[in-house]
Amino acid sequence: QVQLVESGGGFLQAGGSLRLTCAASGRTFSSYAMGWFRQAPGKEREFVATIDYAGRITYYANSVKGRFTISRDNAKNTVYLQMNSLTPEDTAVYYCAAEKWGLGSSQKNEYAYWGQGTQVTVSS
């Protein structure tokens, strides 16, 4: 079992930066790949970024590539999402999730555990 708690969301103007944090409980955190997803009002939850269990392999959605960076600290059971050059289109609830196979995925049905989400609102 892995429990995930996101934090770091907020309200900011376009062009700004924000870092989201996902704190995980459980001794097996380092064996899970981690992902960030987001869901805007009226839209389906979509993939943002993923990182493998060791932090060596990352993969991003085209919409955030070059602006967002996913990273992890297995000693702290934490995964981060650094978001730069934010636009109003980035406004959503952001969720972190854990994928038990360890390699990462863009498919939300590969993820077994989810956090409760943190709201990010970007104004124009």
Side-chain angles (χ1 to χ4, degrees):
Q1 283 278 352
V2 177
Q3 292 185 323
L4 305 171
V5 178
E6 303 95 335
S7 62
F11 181 93
L12 70 165
Q13 291 190 331
S17 298
L18 208 57
R19 188 176 82 157
L20 305 183
T21 298
C22 175
S25 65
R27 291 176 291 178
T28 58
F29 172 78
S30 61
S31 68
Y32 288 86
M34 298 298 295
W36 285 97
F37 291 76
R38 66 187 182 185
Q39 188 167 16
K43 295 187 177 181
E44 290 198 5
R45 193 170 300 188
E46 65 174 7
F47 167 74
V48 174
T50 186
I51 188 167
D52 76 323
Y53 72 100
R56 289 191 290 257
I57 301 172
T58 59
Y59 180 67
Y60 298 91
N62 288 335
S63 59
V64 307
K65 200 174 296 183
R67 300 188 298 123
F68 290 13
T69 302
I70 188 172
S71 61
R72 67 189 296 161
D73 185 338
N74 284 345
K76 296 182 178 179
N77 278 17
T78 302
V79 63
Y80 305 97
L81 185 68
Q82 177 66 43
M83 305 186 295
N84 299 328
S85 302
L86 286 159
T87 74
E89 288 68 38
D90 296 313
T91 294
V93 178
Y94 283 72
Y95 299 89
C96 72
E99 182 252 49
K100 66 178 182 179
W101 305 113
L103 300 180
S105 173
S106 62
Q107 303 302 309
K108 52 183 179 289
N109 61 5
E110 296 285 340
Y111 290 80
Y113 304 104
W114 292 83
Q116 83 291 345
T118 186
Q119 176 72 47
V120 173
T121 304
V122 185
S123 67
S124 57

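Any value given below was found using the heavy atoms of this structure, including those in side chains, with hydrogens, waters and symmetry copies removed. Starting from 1, each residue takes its place in the sequence as its number.
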Less than 3.5 Å apart, which donor and acceptor atoms pair up between the side chains of residues 81-89 and the rest of the protein, not counting sequence neighbours?
| unit_1 | atom_1 | unit_2 | atom_2 | d |
| --- | --- | --- | --- | --- |
| Q82 | NE2 | N84 | OD1 | 2.9 |
| N84 | OD1 | S17 | OG | 2.9 |
| T87 | OG1 | E89 | N | 3.3 |
| T87 | OG1 | E89 | OE1 | 3.1 |
| T87 | OG1 | D90 | OD2 | 3.4 |

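S25 meets the side-chain contact (heavy atoms from CB on, under 4.5 Å) test with Q3; sequence neighbours excluded. With sequence neighbours left out, the side-chain contact (heavy atoms from CB on, under 4.5 Å) criterion links T21 to S7, R19, T78, Y80.
L4 approaches M34 most closely through the heavy-atom pair CD2-CE, 3.9 Å. The shortest non-hydrogen separation linking A98 to Y32 is CB-CD2, 3.9 Å. Of all the heavy atoms in V122 and T91, the pair that sits closest is N-OG1, 2.9 Å. Residue Y60 comes nearest to T69 through the heavy atom pair OH-CA, 3.3 Å, listed as atom of the first residue, atom of the second, then distance. Taking all atoms of both residues into account, the shortest heavy-atom contact from Y95 to W114 is CB-CE3, 3.9 Å.
Interatomic distance, C22 SG to E6 CD, rounded to the nearest 0.5 Å: 5.0 Å. From Q116, atom CD reaches atom OG1 of T118 across 7.0 Å, with rounding to the nearest 0.5 Å. Between D52 atom CG and E99 atom CD the span is 9.5 Å, to the nearest 0.5 Å. Once rounded to the nearest 0.5 Å, the distance linking SG of C96 with CD1 of I70 reads 9.0 Å.
Sequence neighbours left out, the pairs with a member in residues 101-113 that pass side chain to side chain donor-acceptor pair (under 3.5 Å) are T50-Y111. Sequence neighbours left out, the pairs with a member in residues 39-49 that pass side chain to side chain donor-acceptor pair (under 3.5 Å) are R38-E46, Q39-R45.
Hydrophobic cluster membership of F11, counting Ile, Leu, Val, Met, Phe, Trp and Tyr whose side-chain heavy atoms lie under 4.5 Å apart directly or via other members: none, as it forms a cluster of its own.
By the 6.0 Å and 45° rule, R72 stacks over the aromatic ring of F29.
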